[in-house]
Visitor: 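The structure under discussion is supplied below as structure tokens; questions concerning it will follow.
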Amino acid sequence: MRLGKTNLEVNKNGFGALPIQRRNKKDSIEILKRAYENKINFYDTARFYSDSEEKIGKALNDVRNKIIIATKTGSEKEEDFWKDLETSLKYLQTDYIDLYQFHNLPFCPKPNDGSNLYEAIVEAKSQGLIKHIGITTHKYTIAIEALNSGLYETLQYPFSYLSGKSEIELVEKCKKLDIGFIAMKAMGGGLIKNAKASYAYINQFSNILPIWGIQKEEELDEFLLYEKTKPKLDDKLKIAIDKDKEELKKNFCRGCGYCMPCPEEINISMCARMSLWIRRFPTEPYLTPKYQKIMEKTRECVECYLCVDNCPYELDIPKLLRENYNDYMNVLKNTM
């Protein structure tokens, strides 16, 4: 597919490289090479993803001119912007980045906004260090502001079959403006179990590039299979989607992690989703003493609401923590 006005031709299975930070270098390199060998050419990473960039650089530096690399900076200061860019180029073992994106900033960088970030990214482009300019966000208002500004060539935003009317309107607006739409959280932040339904749903949209978060070869193989077989959104898959939408119709934590770190050292992104995990996946692995200790920690929440201030979805996180703790304890009690 063509990624909007960038005119980049990308395989519609994008490789989301956040999860490989949890794998060792050897396994990560094998997965990345296997993806390339199967014609995946778009790789999305970020400075924030620990050693993800370094692994991509080691695995794919010998085919650099045949792949498209997208990375991101979360810096809010011009000085840090240049440091991030320099570090990314070093770890990715390249002298240019195809798509450089502002990473979930609390504002939409624009010329003359006082941050000098947009001026910096334009300068980086003029120097040939980056080829295209994009933005990623979890906030609808920032996404709309970015699209209306005319300053960005791509938008990366959460999108899956759990998305609502406003998210679909974003996709349609991007198509109208010829702005590339990159779908993160295409598996609902790990809460969607039906990869086939997810692929079939997103494949309906000609201008969406999904970046699947991949850390296992079997996950990669599954999406490669769907690329070949092109599953249709039939009645069976629609029923599965409707069931998921019903179960997840309330506000739920997407696990983006922007609420952390917590001053009380609560693992918010895990604990605020635990109730869904134990209902949608095998329960036993989450009822061990290790996870009981993690969940007990939620009782130390002092409701400072720092997490709420940082949450892109404006969730009532202290309430979510209480509800998830109670649900967890009920399940634990019923299994004893």
Side-chain angles (χ1 to χ4, degrees), residues 3-6 18 44-50 52-53 69-92 95-159 166-167 169-170 173-174 176-182 184-185 254 256-263 304-315 317:
L3 189 60
K5 63 181 69 175
T6 68
L18 182 153
D44 178 84
T45 181
R47 265 297 54 242
F48 185 68
Y49 302 163
S50 61
S52 174
E53 290 179 323
I69 295 177
T71 192
K72 321 179 190 77
T73 174
S75 298
E76 297 183 35
K77 297 180 180 179
E78 181 186 6
E79 180 183 358
D80 295 331
F81 168 92
W82 289 108
K83 288 180 181 177
D84 273 0
L85 180 54
E86 181 182 5
T87 303
S88 291
L89 290 167
K90 175 185 174 183
Y91 284 142
L92 289 164
D95 55 4
Y96 72 95
I97 291 164
D98 299 279
L99 174 62
Y100 203 52
Q101 305 159 99
F102 289 120
H103 194 180
N104 202 45
L105 300 183
F107 61 96
C108 175
K110 295 179 182 178
N112 304 311
D113 65 3
S115 71
N116 215 36
L117 286 173
Y118 196 81
E119 289 84 348
I121 205 169
V122 169
E123 175 61 24
K125 187 176 182 181
S126 72
Q127 293 181 23
L129 300 175
I130 65 174
K131 302 297 184 184
H132 302 282
I133 298 171
I135 188 168
T136 80
T137 184
H138 290 253
K139 288 191 175 182
Y140 178 82
T141 52
I142 291 179
I144 287 293
E145 187 177 354
L147 297 186
N148 289 338
S149 73
L151 299 171
Y152 296 94
E153 298 171 85
T154 63
L155 169 69
Q156 186 172 149
Y157 194 80
F159 191 86
S166 60
E167 287 90 349
E169 288 175 352
L170 273 182
K173 188 176 181 70
C174 280
K176 181 179 179 181
L177 296 173
D178 200 25
I179 293 172
F181 188 98
I182 303 168
M184 60 169 143
K185 305 290 183 185
R254 279 77 166 176
C256 68
Y258 291 106
C259 55
M260 298 168 68
C262 167
C304 65
Y305 279 81
L306 287 174
C307 53
V308 176
D309 292 340
N310 293 328
C311 178
Y313 304 97
E314 300 177 352
L315 300 177
I317 293 174

Visitor: Is a side-chain N or O of Thr136 found less than 3.5 angstrom from the main chain of Asn104, in a donor-acceptor match?
Guide: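 Between the backbone of Asn104 and the side chain of Thr136 there is a qualifying donor-acceptor contact (under 3.5 Å).
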Visitor: What is the distance from atom CD of Gln156 to atom CZ of Phe181, rounded to the nearest 0.5 Å?
Guide: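 The distance works out to 9.0 Å.
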Visitor: Does any part of the side chain of His138, heavy atoms only, come nearer than 4.5 Å to the side chain of Lys185, both counted from C-beta?
Guide: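 Of all side-chain heavy-atom pairs linking His138 with Lys185, at least one is under 4.5 Å.
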Visitor: Is it true that Lys173 and Glu169 make a salt bridge, defined as a side-chain N closer than 4.0 Å to a carboxylate O?
Guide: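 Judged by the 4.0 Å cut-off on N to carboxylate O distance, Lys173 and Glu169 do not form a salt bridge.
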Visitor: Please confirm whether the backbone N or O of Lys77 pairs with a side-chain atom of Asp80, one donor and one acceptor, at under 3.5 Å?
Guide: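 Such a contact is absent between Asp80 side chain and Lys77 backbone.
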Visitor: Taking all non-hydrogen atoms of both residues, which atom of Pro109 and which atom of Leu117 are closest, and how far apart?
Guide: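 Answer, listing the atom of Pro109 first, then Leu117: CB-CB, 4.2 Å.
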Visitor: Nearest 0.5 Å, what's the OG1-CG distance between Thr45 and Leu92?
Guide: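 Rounded to the nearest 0.5 Å, the OG1-CG separation comes out at 6.5 Å.
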Visitor: Tell me if the CZ atom of Phe48 is crowded by more than 12 foreign heavy atoms within 6.0 Å.
Guide: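 Result for CZ/Phe48: open.
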Visitor: Do side-chain atoms of Ser88 reach the backbone of Leu85 as a donor and acceptor pair under 3.5 angstrom?
Guide: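 Checking the backbone N and O of Leu85 against the side chain of Ser88, no donor-acceptor pair under 3.5 Å is found.
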Visitor: Below 4.5 Å, heavy atoms only, C-beta onward: do Cys256 and Met184 meet side chain to side chain?
Guide: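 When only atoms from C-beta onward are counted, Met184 and Cys256 do not touch, as no gap falls below 4.5 Å.
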Visitor: Heavy atoms only: give me the nearest Leu306-Pro263 pair and the separation to one decimal.
Guide: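 What the structure gives for the nearest pair is CD1-CG, 3.6 Å.
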Visitor: Thr71 pairs by side chain to side chain contact (heavy atoms under 4.5 Å, CB included) with which of Asp98, Asp44, Ile97, Ile130?
Guide: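 Exactly one candidate clears the test, Ile97.
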Visitor: Taking all atoms of both residues into account, what is the closest heavy-atom pair of Ala146 and Ile135, and its distance?
Guide: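 Scanning both residues, the minimum pair turns out to be CB-CG2, 3.8 Å.
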Visitor: Side chain to side chain contact (heavy atoms under 4.5 Å, CB included) for Arg47 and Tyr91? Distances and angles first, verdict last.
Guide: CA-CA 10 Å; Arg47 265 297 54 242; Tyr91 284 142; 3.3 Å; yes
Visitor: Hey, what's the ring geometry for Tyr118 with Phe102, parallel, tilted or perpendicular (30° and 60° as the breaks)?
Guide: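 Tilted: the ring planes of Tyr118 and Phe102 meet at 30° to 60°.
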Visitor: Rounded to the nearest 0.5 Å, how far does SG of Cys262 lie from CG of Asn310?
Guide: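 It is 11.0 Å, given to the nearest 0.5 Å.
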Visitor: Answer yes or no: are there more than 12 heavy-atom neighbours, outside Glu79 itself, under 6.0 Å from its atom CD?
Guide: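 No, because the 6.0 Å sphere around CD of Glu79 holds 12 heavy atoms or fewer from other groups.
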Visitor: If I take atom NZ from residue Lys90 and atom CD from residue Glu53, how far apart are they, to the nearest 0.5 angstrom?
Guide: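 Spacing of NZ (Lys90) from CD (Glu53) equals 12.0 Å.
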Visitor: Decide side chain to side chain contact (heavy atoms under 4.5 Å, CB included) for Glu145 and Lys110; before the verdict, give the C-alpha distance in whole Å, the side-chain angles of both, and the deciding distance to 0.1 Å.
Guide: CA-CA 10 Å; Glu145 187 177 354; Lys110 295 179 182 178; 3.0 Å; yes
Visitor: Quick one: does Leu99's side chain get under 4.5 Å of Ile182's, heavy atoms only?
Guide: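 Yes, at least one pair of side-chain atoms sits under 4.5 Å.
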Visitor: Heavy atoms only: give me the nearest Ile317-Cys311 pair and the separation to one decimal.
Guide: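 Closest heavy-atom pair between Ile317 and Cys311: CD1-CB, 4.0 Å.
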Visitor: What I want to check is whether the side chains of Tyr49 and Lys72 have a donor and an acceptor closer together than 3.5 Å.
Guide: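 Per modelled atom types, Tyr49 and Lys72 side chains form a pair under 3.5 Å.
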Visitor: Do Tyr152 and Ile179 make a side-chain contact, defined as non-hydrogen atoms from C-beta onward lying under 4.5 Å apart?
Guide: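 Not in contact.
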Visitor: Go through the steps to decide whether Leu129 and Trp82 satisfy the test side chain to side chain contact (heavy atoms under 4.5 Å, CB included), and finish with yes or no.
Guide: CA-CA 11 Å; Leu129 300 175; Trp82 289 108; 4.1 Å; yes
Visitor: So which atom in Glu167 and which in Pro158 form the shortest heavy-atom distance, rounded to 0.1 Å?
Guide: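 Between these two residues, the closest heavy atoms are CG-O, 4.2 Å.
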Visitor: Before giving the answer on side chain to side chain contact (heavy atoms under 4.5 Å, CB included), spell out for Phe107 and Ser115 the whole-Å C-alpha distance, their side-chain angles and the decisive distance to 0.1 Å.
Guide: CA-CA 10 Å; Phe107 61 96; Ser115 71; 4.0 Å; yes
Visitor: Could you tell me whether the side chain of Glu119 and the main chain of Asn112 form a donor-acceptor pair under 3.5 Å?
Guide: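 Side chain of Glu119 to backbone of Asn112, a donor-acceptor pair under 3.5 Å: yes, one is there.
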Visitor: Can you tell me which residue among Asn148, Leu147, Ile142 is in a side chain to side chain contact (heavy atoms under 4.5 Å, CB included) with Cys108?
Guide: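 Going through Asn148, Leu147, Ile142 one by one, the side chain to side chain contact (heavy atoms under 4.5 Å, CB included) with Cys108 is satisfied by Ile142 alone.
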Visitor: How far does CG of Asp84 sit from CG of Leu89, to the nearest 0.5 angstrom?
Guide: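 Interatomic distance, Asp84 CG to Leu89 CG, rounded to 0.5 Å: 11.0 Å.
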Visitor: Taking only residues two or more places apart in sequence, or in another chain, which ones meet Thr6 in a side chain to side chain contact (heavy atoms under 4.5 Å, CB included)?
Guide: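 Once residues adjacent in sequence are excluded, the partners of Thr6 under the side chain to side chain contact (heavy atoms under 4.5 Å, CB included) criterion are Leu3, Leu8, His132, Glu153, Thr154.
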Visitor: For Thr137 and Tyr157, which heavy atoms make the closest approach, and how far apart are they?
Guide: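 Closest heavy-atom pair between Thr137 and Tyr157: O-CD1, 3.2 Å.
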